[in-house]
Amino acid sequence: MRTHVEQAPGPRIAFSTLACPAWSLERAVEAAVEHGYQGLELRLIDGETIPPDLGAGQRRRVRDLLAGAGLAIVTVDTSIRLAGAHPASAAADLRGYLELAAEWESPFIRVFGGERPAGAGAAEVTSGMARLLTTVAPDAERLGVGIALETHDSLSRAADVAALLALVESRAVGALWDVLHTYRMGEEPELATSLVGDRLLHVHVKDGRRRPGEAAWDLVPLSQGEVPVGRSLRALREVGYRGWLSVEWEKKWHPEIAEPEVALPQHAAELARLLAGASAG
């Protein structure tokens with residue numbers, strides 16, 4: 001039986017297929033419809049990461065499957081890390097993913113800053129990343145697909161992402177705010193949104209808890225950890241964000257966390273509650 005979660009007006013919700021590495025894409029689509037999600041963020045297809053040269057048959061399968069279910073492909077997630085990347089090959093991969101996203105009518109692709117290569121200066125690495133993004137920005141503009149740089153790795157602070165974006169003129173290049181990473185780096189939600197607000201393309205929603213005596217964080221069900229997700233939603237409302245909220249339950253990388261059958265309905269129901277509260281506030 002289909003169980004639909006009613007939402008208050010506002011951003012739509014999706015989940016990343018990182019949540020269900022053992023599922024086929026068909027099963028992920030069924031779960032999205034069952035639990036009231038409006039889209040999928042494609043990080044995995046049938047448990048595997050997505051190459052930029054995905055075959056034509058698979059491209060049609062993905063497009064037809066999601067369209068038939070009335071689901072949007074909200075983002076095509078790449079593994080591209082800009083720091084230290086070979087400019088020509090990285091640009092070629094970026095263009096390949098942009099073309100794929102355009103074919104699927106997805107508004108964005110996701111990229112990482114990556115870790116700074118040993119011995120490289122921060123300014124040098126930042127300039128190199130900005131040049132790479134500027135090189136492919138005309139392709140993104142032509143195709144109508146944004147490039148969303150995630151607050152992750154060496155760019156986990158919104159301040160660092162904002163500094164890089166200041167060097168890239170094209171508004172086709174923007175930020176993906178992962179609410180956990182900025183918070184664990186000491187940035188409150190209101191600061192993060194103020195830093196990237198006018199370049200914010202996409203949002204990853206998750207919750208976590210610090211391990212006692214360690215720098216590491218563990219993923220936990222929504223509203224059961226330390227991340228102020230409700231405040232994050234209110235901060236997004238204050239800056240007028242109307243884009244997607246995508247649940248990133250990283251089961252692929254953390255097999256010890258709850259199964260998607262448990263995590264996905266919990267996140268959908270809790271997000272609906274938090275969104276209603278943010279709207280009322």
Side-chain angles (χ1 to χ4, degrees), residues 16 18 41-43 49-53 74-102 106-187 191-204 243 246 248 250 253:
S16 166
L18 271 183
E41 178 167 341
L42 295 184
R43 181 67 169 109
T49 55
I50 305 167
D53 58 350
V74 305
T75 317
V76 178
D77 287 345
T78 82
S79 299
I80 293 172
R81 287 165 167 77
L82 304 175
H86 185 277
S89 65
D93 284 346
L94 282 165
R95 292 185 177 106
Y97 282 114
L98 288 168
E99 295 278 359
L100 180 59
S106 175
F108 316 115
I109 66 170
R110 188 281 310 278
V111 298
F112 295 123
E115 298 295 345
R116 191 170 72 197
E124 172 192 356
V125 173
T126 300
S127 295
M129 290 191 285
R131 284 194 300 272
L132 177 55
L133 291 169
T134 298
T135 297
V136 297
D139 299 277
E141 293 169 357
R142 172 177 58 84
L143 292 165
V145 177
I147 301 172
L149 175 62
E150 185 169 349
T151 53
H152 194 275
D153 298 325
S154 62
L155 300 181
S156 290
R157 297 190 311 150
D160 295 326
V161 169
L164 174 54
L165 293 177
L167 302 177
V168 182
E169 182 177 350
S170 174
R171 293 293 164 141
V173 180
L176 190 165
W177 180 30
D178 183 303
V179 301
L180 186 151
H181 288 312
T182 55
Y183 187 71
R184 71 176 178 82
M185 297 300 292
E187 292 180 334
L191 175 60
T193 53
S194 72
L195 288 166
V196 299
D198 66 340
R199 301 289 291 268
L200 184 57
L201 300 180
H202 190 49
V203 176
H204 279 172
S246 186
E248 192 180 45
E250 297 180 349
W253 315 132

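These numbers come from a predicted model, not from an experiment.
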**Report entry** Shortest non-hydrogen contact between P51 and T49, atoms and distance
**Finding:** CD-O, 3.5 Å

Query raised in the report: Taking C-beta and beyond as the side chain, do L98 and I109 meet within less than 4.5 Å on heavy atoms?
Result: yes

Query raised in the report: Counting only N and O atoms by type, is there a donor-acceptor contact under 3.5 Å from the side chain of T134 to the main-chain atoms of R131?
Result: no

Query raised in the report: Does any non-hydrogen side-chain atom of D198 lie less than 4.5 Å from one of R171?
Result: yes

Distance-only check: which donor-acceptor pairs under 3.5 Å involve side-chain atoms of residues 136-146, not counting sequence neighbours?
from: D139; atom 1: OD1; to: R142; atom 2: NH2; distance (Å): 3.4
from: D139; atom 1: OD2; to: R95; atom 2: NE; distance (Å): 3.0
from: E141; atom 1: OE2; to: S170; atom 2: OG; distance (Å): 2.5

**Report entry** Donor-acceptor contact below 3.5 Å, side chain D178 vs main chain L180
**Finding:** yes

Report task. Give a yes or no on this: more than 12 heavy atoms of other residues, nucleotides or ligands lie within 6.0 Å of atom CD of E169. Result -> no

Report summary line: Heavy atoms of P87 and L132 approach each other most closely as O-CD1, 3.7 Å

Query raised in the report: What's the shortest heavy-atom distance between P52 and D93, and which atoms?
Result: CG-OD1, 3.8 Å

Query raised in the report: Within the side chain of E187, is there an N or O that forms a donor-acceptor pair under 3.5 Å with the backbone of A159?
Result: yes

Query raised in the report: Can you tell if the side chain of V203 reaches within under 4.5 Å of the side chain of V179, non-hydrogen atoms only?
Result: yes

Query - Intermediate values then yes/no, side-chain contact (heavy atoms from CB on, under 4.5 Å), V168 and M129 - result: CA-CA 9 Å; V168 182; M129 290 191 285; over 6 Å; no

Report task. Would you confirm whether T182, through its side chain, and R157, through its main-chain N or O, come within 3.5 Å as a donor-acceptor pair? Result -> no

Query raised in the report: Distance from L149 atom CG to L82 atom CG, nearest 0.5 Å?
Result: 6.0 Å

Query raised in the report: OG1 of T75 to CD of E248: how many Å apart, nearest 0.5 Å?
Result: 10.0 Å

Query - Heavy-atom closest pair, residues A130 and L167 - result: CB-CB, 3.7 Å

Requested in this report: Apply the test side-chain contact (heavy atoms from CB on, under 4.5 Å) to residues I50 and L100: give CA-CA distance (whole Å), side-chain angles for both, the deciding distance (0.1 Å), then the verdict.
Outcome: CA-CA 10 Å; I50 305 167; L100 180 59; 3.8 Å; yes

Query raised in the report: Which pair of heavy atoms, one from V111 and one from L94, lies closest together, and at what distance?
Result: CG1-CD2, 3.5 Å

Query raised in the report: Does the side chain of S154 come within less than 4.5 Å of D160's, by heavy atoms?
Result: no

Report task. Calculate, to the nearest 0.5 Å, the distance between atoms CZ and NE2 belonging to R81 and H152 respectively. Result -> 6.5 Å

Query raised in the report: Are any side-chain N or O atoms of R110 and backbone N or O atoms of T78, one a donor and one an acceptor, separated by less than 3.5 Å?
Result: yes

Query raised in the report: What orientation do H202 and F108 show, parallel under 30°, tilted 30 to 60°, or perpendicular over 60°?
Result: tilted

Query raised in the report: How many angstroms lie between CG in D153 and NE2 in H181, if you round to the nearest 0.5 Å?
Result: 7.5 Å

Query raised in the report: How many angstroms lie between atom CG of L176 and atom OG of S246, to the nearest 0.5 angstrom?
Result: 8.0 Å

Query raised in the report: Nearest heavy-atom pair of V125 and A120: which atoms, and what distance?
Result: CG2-CB, 3.6 Å

Query raised in the report: Taking the side chain as C-beta and beyond, is there a heavy-atom pair between V196 and T151 under 4.5 Å?
Result: no

